[in-house]
Structure formats: C-alpha cells, structure tokens
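Encoded as structure tokens, the structure appears first; notes follow it.
None of these values were measured; they are calculated from a predicted model. These numbers come from the heavy atoms of this one structure, side chains and all, not from hydrogens, waters or symmetry mates.
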Amino acid sequence: MKFKTSAVHASHFEDLNAGSVVNPLYLSTTYERDKEGNLAPRGYVYSRLDNPNRSGLEVKLAVLEKGAEAMAFSSGMAAAMAICHTLLMPGAHVIISDDCYHGVGHLVKTMYTRWGITYSEVDMINSQNVEQAITANTKLIMVETPSNPLLKIIDIEAICGLVKNKNIAVACDNTWATPYIIQPLTLGADFVFHSSTKYFGGHSDVIGGCVIVKEKNDHSQKLREYQMIGGAVPSPFDCWLLDRSIATLPLRITAQTESAAVIAAYLNDHPKIDRVYYPGLTSHPNHKVAKRQMKEIYGGMLSVLVKGGKKEAMDFANHLSIFKHATSLGGVESLIEHRKSVEGDHPKSADNLLRLSVGIEHIDDLLNDIKKALE
C-alpha cells in the first residue's frame, strides 16, 4: 500500500464483537487465561507487557518507517533512553550532534557520563567530523535531521556508510521529518526514534515516543525487554489517540510544508530578519542534500534570527496572535518559541533566535499575523 493508505489502515484489526471500522479502545489492565492457566490465544496477559491498541500502533509505525518492528514508549525521551540503555555499557563512547534536541544532549552529557560513558559532540553537516570522532569504543551515533533548532541537514546515508561493518549502531531522531519525508532505515540507519507527541500526535493532546528497528536481532529483543520491564509505556488511550492522528499525518505535513515554505521565503527577504533557517531555501548550506534526502518536502519547521537581540525577538513573538508563544511543535496550531542560537557564527550567548512550528491555518492569516507583528 502507498504511504497515505498505510497511515489509515496499517493498524486495523478485526473487531469480532461489533465489526467496528475504528479500532476499539481496550482499557483492561489484565486478560483472561485459558483453563490450564496458559496465555489466551491472542497472547495478551497484562497491559504493561502488551495491549491490542499498542500492538496496532506499533504495526503501523513499523510499516510507515519500513522497519521490522516498533516499540511504543510513554515519551520521546523514554524512547531515546531505551536505545542508550540497550547499546551503551560503561566504557562505551557515543557521538551526538552539536545541535541535537537539548533533552537528548542532557541525557548523554549528564546521566550516562556518571556510568563511565564518554561522548563526542560534533557538527555532523560534514561527515568527516563524525569519522574523526569515531574511537575504538564507539558504539552509537545519534543523528538528528533536520536538527533542533537550527535545521541542520545531515546526510544520513553518508554517516551510515562510515560505520558499515564496524559494529557501530546509527540511531536517527526522525521526529521533525517523520517517515512521510525521510525513512532513515532505508538509508542505512539501524534505529529510528520519535517524540510521537509532535507530528504523529499532531494535535498537542498526547505525549508519546517510539523506536523502530531495521531488523529483528539481539538489540531489538533487548529493546522489547527494556520496554516491558522498564514500564515506560503509553496507555491504551494514548495509543488509540496516536493511531487515530497518524491517519491524517500526510495531509497535515503537506499543508504545513506548503505554508512553511511561503513564510520562510517572506521572512528571508524581510529587513527585520537577520537569517532564516529552512532547508527548502536555496540559501540553506545543505539545500542539495535536503532536496535529495527529503524528496523536496521540507517540513513545517523553521527558525529565524531577528535583527537586534532578545528584546526585538520577544517583541515579535509577543505581538503575534495566531502563532501562540509556547513550547513543542508539530500540532495543527502554529507555535513560536524563543531559543538561543548555538551556531558557530552566532555565539551561544546570542538570544535572538525564534523557532516556528507552522500549523494548518490558512496561509493568508498566518502571513498577516507575521506582518503585523513585525510592524
């Protein structure tokens, strides 16, 4: 089936009781065994271990990412921790991007270093930087593209080519692109993880995360065990909400991308904006890689540097009415958030960076909102 069809139907299981078109919601925490005390024919026993709604969601996630198996978690950070717990032991070395999601960076830099795990933080735009950072103890490379918040485009295939036959796993955070734009497993990655709170959820009303594996092996078995024993799993209702929302993922991404491209072009020419970070602009330093890797669908996220400092940036953000000044991204509503620049030619003390998550509102209304705020 094509992606749009799979997004609707891949998780569906037959409802023998009522024949419902939409998967029923199973809130039961426990399931009846047979008369000999064995598992029931359907295999469910306790909802921390598995649940029909979670099973359906995981099937859909694996299909959309072209993976062998998926595991749903209670948050994106729980998913990231599951990968790290599976692959890293004391003495291991991990490579992360210098512009990765701050939660992942904090996890590696503070929590895992306590256990004798070392890390290198590199600019992955140039794959040679990654190659130079690899050591004899490197076990994991964590890739994020587009990156958060500077939308750096990393060549996933090139990174994976560096570690072929080296017993080094590549895990790609695909939260921003989603499998509708990039399918990292087809480019050589071993794991894909998401904060499914964002574009998979799409309505700012559910927290979740997931990991999808390229193949079933010892690592995938350990991930499944960590999911079941660690217990950081989504509720049946959260799984049901995510399953429902993913059905409209392609439609939402298409609308958000179209509007984000228009907004990026407008802001790129505006005298009060110093710089726009959007991979769809030909001025983006890795636009050629983005064009190939993202199939010319560049997503609904962009960041801007407002001329001046924090005051000018906050003035712009606070004068918007449709764009809400709030954390998170990927919902149907447009959001804007103040971030600090961490790029080399803009010191870390720079505080005029704003990150925009473009929703599905009419582009005319969004542009008028931006124009008025800049005035």
Quiz item: Does atom CG of Asn167 have more than 12 heavy-atom neighbours from other groups under 6.0 Å away?
Solution: no

Exercise. Check whether more than 12 heavy atoms from other residues, nucleotides or ligands sit under 6.0 Å from atom CE of Met228, and answer yes or no.
Key: yes

Exercise. Could you tell me whether the side chain of Ser75 and the main chain of Ala78 form a donor-acceptor pair under 3.5 Å?
Key: yes

Quiz item: Under 3.5 Å, side chain of Asn53 to main-chain N/O of Tyr26, donor-acceptor pair present?
Solution: yes

Hydrophobic cluster membership, [X] vs [Y], 4.5 Å side-chain cutoff:
| X | Y | answer |
| --- | --- | --- |
| Met314 | Leu353 | no |
| Trp115 | Val104 | yes |
| Leu107 | Tyr101 | yes |
| Val262 | Leu281 | yes |
| Val122 | Ile96 | no |

Exercise. Show the numbers, then the answer: is there a ring-ring contact (aromatic ring centres under 6.0 Å, His included) between His284 and Tyr278?
Key: CA-CA 7 Å; His284 190 282; Tyr278 187 67; 8.5 Å; no

Exercise. Return yes if a side-chain donor-acceptor contact under 3.5 Å exists between Ser97 and Glu144, otherwise no.
Key: no

Quiz item: Regarding His93 and Thr138, is there a side-chain donor-to-acceptor distance under 3.5 Å anywhere?
Solution: yes

So that I can tick it off, tell me whether [Y] and [X] are bridged by a salt bridge, with the cut-off set at under 4.0 angstrom between side-chain N and carboxylate O.
| X | Y | result |
| --- | --- | --- |
| Glu69 | Arg224 | yes |
| Lys60 | Glu58 | no |
| Asp98 | Lys152 | yes |

Self-check item: Residue pair Ala264 / Leu302: nearest heavy atoms and the distance that separates them
Solution: CA-CD1, 4.1 Å

Quiz item: Of the non-hydrogen atoms in Asp238 and Pro234, which two are nearest, and what is the gap between them?
Solution: CB-CB, 4.1 Å

Distance-only donor-acceptor pairs under 3.5 Å for side chains of residues 201-209, two or more places apart:
{"from": "His203", "atom 1": "ND1", "to": "Gly201", "atom 2": "O", "distance (Å)": "3.0"}
{"from": "Ser204", "atom 1": "OG", "to": "Glu333", "atom 2": "OE2", "distance (Å)": "2.6"}

N/O donor to acceptor pairs below 3.5 angstrom from side-chain atoms of residues 180-193, sequence neighbours left out:
{"from": "Gln183", "atom 1": "NE2", "to": "Leu64", "atom 2": "O", "distance (Å)": "2.9"}
{"from": "Thr186", "atom 1": "OG1", "to": "Gln183", "atom 2": "O", "distance (Å)": "2.6"}
{"from": "Asp190", "atom 1": "OD2", "to": "Val170", "atom 2": "N", "distance (Å)": "2.9"}

According to the ring pair (Phe, Tyr, Trp, His ring centres under 6.0 Å) rule, which pairs have a member within [range], sequence neighbours left out?
| range | result |
| --- | --- |
| residues 227-267 | Tyr266-His270 |
| residues 205-230 | His85-Tyr226 |
| residues 49-77 | none |

Quiz item: Heavy-atom distance under 4.5 Å between the side chains of Ile336 and Phe316, does that happen here?
Solution: yes

Run the side-chain donor-acceptor check on residues 291-299: report pairs under 3.5 Å with partners two or more places apart or on a different chain.
{"from": "Arg292", "atom 1": "NH2", "to": "Asp155", "atom 2": "OD2", "distance (Å)": "2.9"}
{"from": "Gln293", "atom 1": "OE1", "to": "Ile156", "atom 2": "N", "distance (Å)": "2.9"}
{"from": "Gln293", "atom 1": "NE2", "to": "Ile154", "atom 2": "O", "distance (Å)": "2.9"}

Practice problem: For Lys198, enumerate each residue passing the side chain to side chain contact (heavy atoms under 4.5 Å, CB included) test, keeping only those at least two apart in sequence or located in another chain. | Solution: Thr175, Ser195, Ser328, Leu329

Quiz item: Tell me the salt bridge (Lys or Arg N to Asp or Glu O under 4.0 Å) pairs involving residues 163-183, sequence neighbours left out?
Solution: none

Indicate every side-chain donor-acceptor pair of residues 358-365 with a distance under 3.5 Å to a residue at least two apart or in another chain.
{"from": "Glu361", "atom 1": "OE1", "to": "Ser334", "atom 2": "OG", "distance (Å)": "2.7"}
{"from": "Glu361", "atom 1": "OE2", "to": "Ser334", "atom 2": "N", "distance (Å)": "2.9"}
{"from": "His362", "atom 1": "ND1", "to": "Asp364", "atom 2": "N", "distance (Å)": "3.0"}

Practice problem: Tell me, please, which residues at least two apart from Glu65 pass salt bridge (Lys or Arg N to Asp or Glu O under 4.0 Å). | Solution: none

Quiz prompt | side-chain hydrogen bond (donor to acceptor under 3.5 Å, both in side chains) pairs, two or more places apart, involving residues 305-324 | solution = Lys311-Asp315, Asn318-His325, Ser321-Asp369

Validation: residues 2-11 side-chain donor-acceptor distances under 3.5 Å, sequence neighbours left out:
{"from": "Ser6", "atom 1": "OG", "to": "Lys2", "atom 2": "O", "distance (Å)": "3.3"}
{"from": "Ser11", "atom 1": "OG", "to": "Asp243", "atom 2": "OD1", "distance (Å)": "2.6"}
{"from": "Ser11", "atom 1": "OG", "to": "Asp243", "atom 2": "OD2", "distance (Å)": "2.8"}

